[in-house]
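Let me begin by presenting the structure, written as structure tokens, before commenting on it.
Start at 1 with the first residue, then count along the sequence.
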Amino acid sequence: MRTVYLDNHSATKLDKRVFEAMIPYLTEYYGNPQSLHKLGQISLKAIEEARQEVAGLLGAQSNEIYFTSCGTEANNWAIKGIAWAYRGKGNHIITSKIEHVSVLNTLNYLAQHGYEITYLDVDQYGMVDPDSLTKAITDATILISIQHANPEIGTIQPIEELAKIAKSKGILFHTDAVASCGIIPIDVNKLGIDLLSLSGSTMYGPKGVGALYIRKNTKIISLIHGGIQENSKRAGSENVPAIVGLGKACALAKAEMELRNKTLCQLRDRIITEIPQKIEYVYLNGHPTNRLPNNVNFSFEFIEGESITLLLDEKGIYVSSGSTCSSKTLKMSHVLQALKIDPAVAQGTITMTLGWDLTDEDIAYVIATLPPIVAQLRDLSPLYSHFKKTGERKIAGPKLNSHNK
């Protein structure tokens with residue numbers, strides 16, 4: 001049976017070249033980077049080379065890159081670190097309603113400790129309106145945190161325009177780029193941002209490592225205290241093999257991004273075009289064109305996304321029925337809720353995140369396998385049975401790109 005992995009935002013397969021770069025630091029060069037002896041200094045040099053590779057992917061300076069355990073830690077550090085550093089200036093933070101839970105739950109925590117949080121609405125495609133950001137800013141605003149791209153629906157935000165608004169008001173701007181870093185080009189200076197979070201697990205690097213870009217001279221409070229690691233800003237023994245792997249993944253992404261995206265866009269667009277031709281009452285969520293090259297998010301009316309996911313799994317096709325960190329909650333995604341999609345439609349949603357090593361044959365298999373599964377589930381659906389008998393639909397229908405509304 002063919003296996004097709006379409007859950008690459010949840011976790012990507014470790015690139016063999018990344019693994020090979022990591023091996024010496026797992027077996028031979030195991031010294032602590034803070035040690036003065038030769039083995040320690042070899043590890044330290046490897047970390048600094050990896051820092052340069054991460055910086056090179058972002059157009060940043062190497063001394064602006066700080067390694068973390070994951071994207072979630074980077075988001076926590078960016079938000080809490082700025083909030084605490086600037087609490088004498090103000091207590092207001094602005095974000096959007098479709099951020100990753102590591103951002104939303106961090107802000108919920110701050111709200112319980114005296115901070116005021118504004119959650120911006122998004123349009124039907126998941127886009128933040130720059131005018132709404134301008135109107136939300138107050139004299140107490142100290143930070144704006146808007147994701148670069150949404151991992152669930154793939155929409156890419158107008159970060160450069162949003163950050164320009166923040167800069168005009170003297171407000172720091174953070175973006176969660178876990179879904180986009182290594183997938184699409186990012187230049188922190190062109191975007192005009194002050195902080196950026198990324199993760200190795202979504203760009204063919206190792207799990208358990210991430211990084212936070214902090215623009216030079218940005219004041220920030222540390223979350224983890226102890227030793228002098230990461231320029232005394234993030235204590236704890238460095239995970240040298242993972243850091244080396246992240247650096248290698250960033251170098252490969254920079255070198256191969258254009259070629260990878262050419263493949264991804266072709267495969268993504270084939271799915272987006274052909275699935276609605278074969279399945280009725282299917283809706284594409286997210287922006288129709290301004291979306292990640294590896295993202296497809298469909299809602300199938302009358303059925304549940306979890307059921308589609310499980311039946312696809314039996315056929316060797318692995319997708320997600322929601323964002324990875326919330327898919328087990330068995331409730332409507334907060335992202336789809338923000339898009340104001342009818343719950344009856346939203347429950348039938350799956351996300352496919354493609355990998356650059358997929359083939360036309362893989363996508364053909366997915367396109368051939370999905371329609372019978374949808375038909376099977378609809379045959380068991382009382383909602384679909386009622387619709388077929390009466391023509392009545394108990395929903396208003398989402399205002400999205402759709403087939404056979």
Could you note down all residue pairs passing side-chain hydrogen bond (donor to acceptor under 3.5 Å, both in side chains) where residues 259-268 supplies at least one of them, sequence neighbours left out? Glu256-Arg260
Smallest heavy-atom separation, Leu339 atom then Gly126 atom, equals CD1-CA, 3.8 Å
Pi-cation contact, Tyr66 with Arg234 (under 6.0 Å, within 45°): no
Cation-pi geometry met for Lys13 and Tyr5 (6.0 Å, 45°): no
Grab the two heavy atoms, one from Thr202 and one from His9, that are nearest each other, plus how far apart they are. CG2-O, 3.2 Å
When rounded to the nearest 0.5 Å, the distance separating CG of Asn295 from CG of Asn150 is 8.0 Å
In plain terms, say whether Glu160 and Lys190 are close enough for a salt bridge, that is, a side-chain N and a carboxylate O under 4.0 Å apart. yes
Measure from the side-chain N and O atoms of Asn297 to the backbone N and O of Gly154, and report whether any donor-acceptor pair falls under 3.5 Å. no
Inspect the surroundings of OH in Tyr25 and state if more than 12 heavy atoms from other residues, nucleotides or ligands are less than 6.0 Å away. yes
Could you pull out the closest heavy-atom pair between Gln34 and Glu238, with the gap in Å? NE2-OE2, 2.7 Å
Ion pair Glu48/Arg51, N-O distance below 4.0 Å: yes
Taking every non-hydrogen atom, the tightest pair across Val54 and Gly247: CG2-CA, 4.3 Å
